[in-house]
There are 2 protein chains.
Amino acid sequence: MNIGELAKLSGVNSKLIRHYESIGLVPKAMRSDSGYRIYSKTDIQFLRFIRRARGLGFSMKEIKKLIGLWRNKSRASKEVKSLAMTHIKALETKISEMQEMADSLRLLAKSCHGDSRPECPILNRLEINE
Amino acid sequence: MNIGELAKLSGVNSKLIRHYESIGLVPKAMRSDSGYRIYSKTDIQFLRFIRRARGLGFSMKEIKKLIGLWRNKSRASKEVKSLAMTHIKALETKISEMQEMADSLRLLAKSCHGDSRPECPILNRLEINE
DNA sequence: ACTTGACCTTCCAATCGCTGGAAGGCCGAT
DNA sequence: ATCGGCCTTCCAGCGATTGGAAGGTCAAGT
């Protein structure tokens, strides 16, 4: 299977597959005589794993660890769980930060007439000193 | 005032101030004979404005627009409001995406024993085919 | 046989918003 | 005069892609 087909089947585009190879996230693929990368079915599963982990917001670094754990059939589930919990915490932190941003902005937007007059509490708030 | 003092007073570090100048977010500063950037009090307010807008998660592009509106005393408040509303929408989208990630992960983590056994629903879920 | 077009290859650059370092100049105090 | 702490520029890197250019390969149609 060429890279294009793998891309289609895994949901990870070719460019990204090559990139993942270059950063060592996926092992170097076999090559045909003409230099084309050759893949097999197991690569589909592998890339889907990565795609799903990305979909859950894991970083490349975390995914590397997850892959290691995934392949290591004697891993302890607590290692995976702790990785997941750490990531959940990070997500929660980010979420509440953004929540605060959105709340502040909603408040400001609410008090802004939003008409053709120039008075604007949003800008006023941003320019407040100290 | 030199850049270091401005940094202290505005809460935006010198490196970043120079960077902002280089991307045209802040106007080029006057220079002393020896080439040092010279600032005045109004620059403090200006940089604080940027800092607060960043704190609300606005992108550089959006901040450029906000600055334009801020300076234009005859702007219509609806322009500012619509910019804010767009940004709120973007924040909400991102928040709910992350919320979904966190929810899925929490669910998976919950069903994972988290002990020394290798069975792990988190990894199982990631490797599911199709 | 030849050409087309869809694939594949590599490499380099851009995105966004910084942050870091290196190499050098300037300034004020001791 | 020398020291530390500023300041200057430029270049490079982060993370995770995405884009493009320039070129090789392959299979199908004419």
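The basis for the numbers below is simple: all heavy atoms, side chains too, and nothing from hydrogens, waters or symmetry mates. Sequence lines set the chain letters: A, B, ... in the order given, protein chains first and strands last, and positions in each chain run from 1. Nothing here was measured: the structure is a model prediction, and the numbers come from that model.
With respect to the salt-bridge test (charged N to carboxylate O, under 4.0 angstrom), the residues A:K94 and A:E97 qualify. Look at B:R106 and A:E92 and you find a salt bridge, because one of the NZ, NE, NH1 or NH2 atoms lies within 4.0 Å of a carboxylate O, short of that distance.
Rounded to whole angstrom, the span from the CG atom of B:L6 across to the C1' atom of D:dC7 amounts to 14 Å. Taking atom CD1 of A:I50 as the reference point, atom P of D:dA16 lies 12 Å away to the nearest angstrom. Between A:K61 atom NZ and D:dG13 atom P the separation is 18 Å, expressed in whole Å. Straight-line distance from the CD1 atom of A:I3 to the C1' atom of C:dT9: 10 Å, rounded to whole Å. A straight line from CG of B:L16 to C1' of D:dC14 spans 15 Å, rounded to a whole angstrom. Summarising the geometry, the separation between CD1 on A:I38 and C1' on D:dC26 is reported as 14 Å, rounded to the nearest angstrom. Protein atom CG of A:N13 is 8 Å distant from nucleotide atom C1' of D:dT18, rounded to whole Å. Taking atom CD1 on B:I17 and atom P on D:dC6, their separation rounds to 14 Å, with Å as the unit.
For B:S34, no side-chain nitrogen or oxygen approaches OP1 or OP2 of D:dT8 to under 4.0 Å. Contact between the side-chain N/O atoms of A:R37 and the OP1/OP2 oxygens of C:dC8 is not found at any separation under 4.0 Å. Contact check, B:S14 against D:dC6: no side-chain N or O comes under 4.0 Å of OP1 or OP2. Distances shorter than 4.0 Å separate some side-chain N or O of A:R31 from OP1 or OP2 on C:dT10.
Nearest-nucleotide assignment on DNA chain D puts the 5′-proximal partner with B:N2, out of A:S32 and B:N2. Nearest-nucleotide mapping onto DNA chain C: of B:M60 and B:D33, the residue sitting toward the 5' end is B:M60. Comparing B:S59 and A:G4 against DNA chain C, the residue whose closest nucleotide sits nearer the 5' end is A:G4.
Between the OG atom of A:S82 and the NE2 atom of A:H87 there is a distance of 13.0 Å, given to the nearest 0.5 Å.
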Please tabulate, one pair per line, all N/O donor-acceptor pairs under 3.5 Å involving side-chain atoms of residues 22-31 of chain B, not counting sequence neighbours.
from  : atom 1 : to    : atom 2 : distance (Å)
B:S22 : OG     : B:H19 : O      : 2.8
B:R31 : NH1    : B:G35 : O      : 2.8

* Chi angles and distances behind the salt bridge (Lys or Arg N to Asp or Glu O under 4.0 Å) call for A:E21, A:R37 -> CA-CA 11 Å; A:E21 184 184 293; A:R37 286 173 183 80; 3.1 Å; yes

* Step by step, would you call B:E127 with A:R71 a salt bridge (Lys or Arg N to Asp or Glu O under 4.0 Å)? -> CA-CA 11 Å; B:E127 82 179 288; A:R71 289 216 253 237; over 6 Å; no

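Contact detail for A:L91 and B:L105: the closest heavy-atom pair is CD1-CD1, 4.3 Å.
Side chain of B:Q45 to backbone of B:T42: no donor-acceptor contact under 3.5 angstrom is found.
Among the nucleotides C:dC7, C:dC27, D:dT17, the one closest to the side chain of A:Y36 is C:dC7.
In the region residues 19-28 of chain B, proximity to DNA chain C at under 4.0 angstrom, judged on heavy atoms, holds for B:H19, B:Y20.
In the interface, the side chain of B:K15 is paired with the base of C:dG21 through a donor and an acceptor atom under 3.5 Å apart.
At a threshold of 4.0 angstrom between heavy atoms, the contacts of B:R18 include nucleobase atoms, whether or not backbone atoms are also involved.
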